[in-house]
Amino acid sequence: MVGIYFSGTGNTKHCLEKLLQLLDPEAETIRLSVSDEKAILERIAANDTVFLAYPTQFSNAPYMVRDFIKRNKDVWEGKKVFCMTTMGLFSGDGTGCSARLLRKYGATIIGGLQVVMPDSIGDSKLLKKPLETNRETVRKADERIEAAARQIRETGKYPREGLSFFAHLAGLFGQRLWFYRKTTDYSKKLKIGDACVGCGLCTKQCPMGNLTVSNGRAVSADRCAMCYACINTCPKQAITLLGKKVYEQCLFDNYQ
Ligand SMILES: Cc1cc2nc3c(=O)[nH]c(=O)nc-3n(C[C@H](O)[C@H](O)[C@H](O)COP(=O)(O)O)c2cc1C
């Protein structure tokens with residue numbers, strides 16, 4: 001088996017690695033990025049079972065994940081896929097959003113797991129929680145993943161969270177419909193503020209290759225995957241997307 005993940009701030013990476021560590025310590029995990037796409041496709045082609053993990057974005061799978069699935073539709077034929085999503089609060093059918101696409105391209109969905117983790121939107125004051133609350137969230141998430149792995153190992157049955165018709169309705173009407181426009185393409189709205197010193201760290205974080213440094217400043221093109229990796233690691237807190245100011249740089253490593 002192989003694990004492919006999209007992760008901006010490390011939550012999804014952690015959850016996928018933890019699950020696979022418990023199921024198959026030999027399994028390899030790879031971060032989804034445009035620069036590694038060829039290698040990722042080769043790994044998928046070489047494995048029968050794929051664990052695909054990503055954060056919920058507006059009750060949807062990130063556009064980058066859906067785009068990757070669609071652009072490479074032939075690679076999914078005959079694969080067994082387990083979909084996993086992490087979320088700050090509510091997902092509905094976060095796993096179902098990729099599962100339906102994957103089924104269309106010939107994959108069999110073996111299960112789904114939706115795990116609450118700390119929120120990754122660092123430029124929204126409303127979503128910020130105390131460190132202790134986030135640590136407790138991670139502790140509970142770890143317990144859920146351990147329980148899911150136990151169930152899979154002991155009964156051979158995979159959890160099926162987010163895959164039902166009811167979950168589909170919950171995701172659609174709970175949030176996805178109202179934010180639909182935000183998830184139909186890559187975002188053009190990443191803002192680089194005057195505090196940018198052109199250090200280039202953000203260019204290394206971006207899975208889309210959407211950032212470059214020009215004349216001593218970071219420059220964003222129009223293909224932001226909204227992962228928040230650059231926003232949450234910029235040493236000058238100069239980058240924003242949904243908000244206007246960075247309130248907290250959310251990174252999974254801070255909750256350890
Ligand atoms: C653009 C964006 C949209 C999000 N939308 C949702 C959402 O609809 N529901 C939710 O519960 N969490 C939402 N979140 C929170 C993330 O899904 C959550 O924090 C996730 O664990 C981040 O994972 P990562 O660290 O692997 O990127 C959103 C985060 C971002 C950046």
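Because the structure is predicted, anything quoted here is derived from the model rather than measured. First listed ligand is number 1; within each ligand, the first listed atom is number 1.
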- prompt: Does the side chain to side chain contact (heavy atoms under 4.5 Å, CB included) test come out yes or no for R71 and E37, once each step is laid out?
  reply: CA-CA 11 Å; R71 274 187 296 104; E37 191 158 308; 2.7 Å; yes
task: Go through the steps for L241 and K189 under the test side chain to side chain contact (heavy atoms under 4.5 Å, CB included), then give the verdict.
output: CA-CA 6 Å; L241 178 65; K189 299 213 167 130; 4.1 Å; yes
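Looking only at atom types and distance, the side chain of T12 has a donor-acceptor partner in the side chain of T86 under 3.5 Å away. Side-chain atoms of S91 and T85 form no donor-acceptor pair, as typed in the model, at a separation below 3.5 Å.
Ligand 1 has a nitrogen or oxygen under 3.5 angstrom from a nitrogen or oxygen of Q175. Backbone and side-chain nitrogen or oxygen atoms of F58 are examined, and one is located within less than 3.5 angstrom of a nitrogen or oxygen of ligand 1. Residue F90 has at least one N or O atom closer than 3.5 Å to an N or O atom of ligand 1. Residue K13 has no nitrogen or oxygen atom sitting less than 3.5 Å from a nitrogen or oxygen atom of ligand 1, judged on distance alone. Between F6 and ligand 1, no pair of N/O atoms sits closer than 3.5 Å. Every N/O-N/O distance between M226 and ligand 1 stays at or above 3.5 Å.
K18 NZ: more than 12 foreign heavy atoms inside a 6.0 Å radius. Annotation for K128: atom NZ counts as buried by contact number, over 12 foreign heavy atoms lying within 6.0 Å. Residue-environment remark: CZ (R181) stays at or below the threshold of 12 foreign heavy atoms within 6.0 Å.
Looking at I231, T56, L16, V115 and measuring to atom 28 (C) of ligand 1, the nearest heavy atom belongs to T56.
With a heavy-atom cut-off of 4.0 Å, P118 touches ligand 1 through its backbone alone. Counting heavy atoms closer than 4.0 Å to ligand 1, residue M117 contributes side-chain atoms (C-beta onward) but none from N, CA, C or O. Residue Y228 touches ligand 1 through its side chain alone, judged by heavy-atom distances below 4.0 Å.
Protein heavy atom in closest approach to atom 20 (C) of ligand 1: T86 OG1, 3.2 Å. Given atom 12 (N) of ligand 1, the protein heavy atom at minimum distance is G88 N, 2.9 Å. The single protein non-hydrogen atom nearest to atom 27 (O) of ligand 1 is G8 N, 2.8 Å, given as residue, atom name and distance. Of the protein's non-hydrogen atoms, Q57 CA, 3.5 Å is the one closest to atom 3 (C) of ligand 1.
A parallel orientation is assigned to the rings of F252 and H14, their planes being inclined by less than 30° (bins at 30° and 60°).
Against a heavy-atom cut-off of under 4.0 Å, T12 is close to the following atoms of ligand 1: 23 (O), 24 (P), 26 (O). Every atom of ligand 1 with a heavy atom of T9 under 4.0 Å away is listed here by number and element: 24 (P), 25 (O), 27 (O). Taking a cut-off of under 4.0 Å to the non-hydrogen atoms of I121, the atoms of ligand 1 that pass are 2 (C), 28 (C), 29 (C), 30 (C), 31 (C).
Contact of the Y5 side chain with the L32 side chain is not registered, since no non-hydrogen atoms from C-beta on lie closer than 4.5 Å. Side-chain contact check for M84 versus V115: some heavy-atom pair is nearer than 4.5 Å.
Aromatic pair Y54/F6: ring centres not closer than 6.0 Å.
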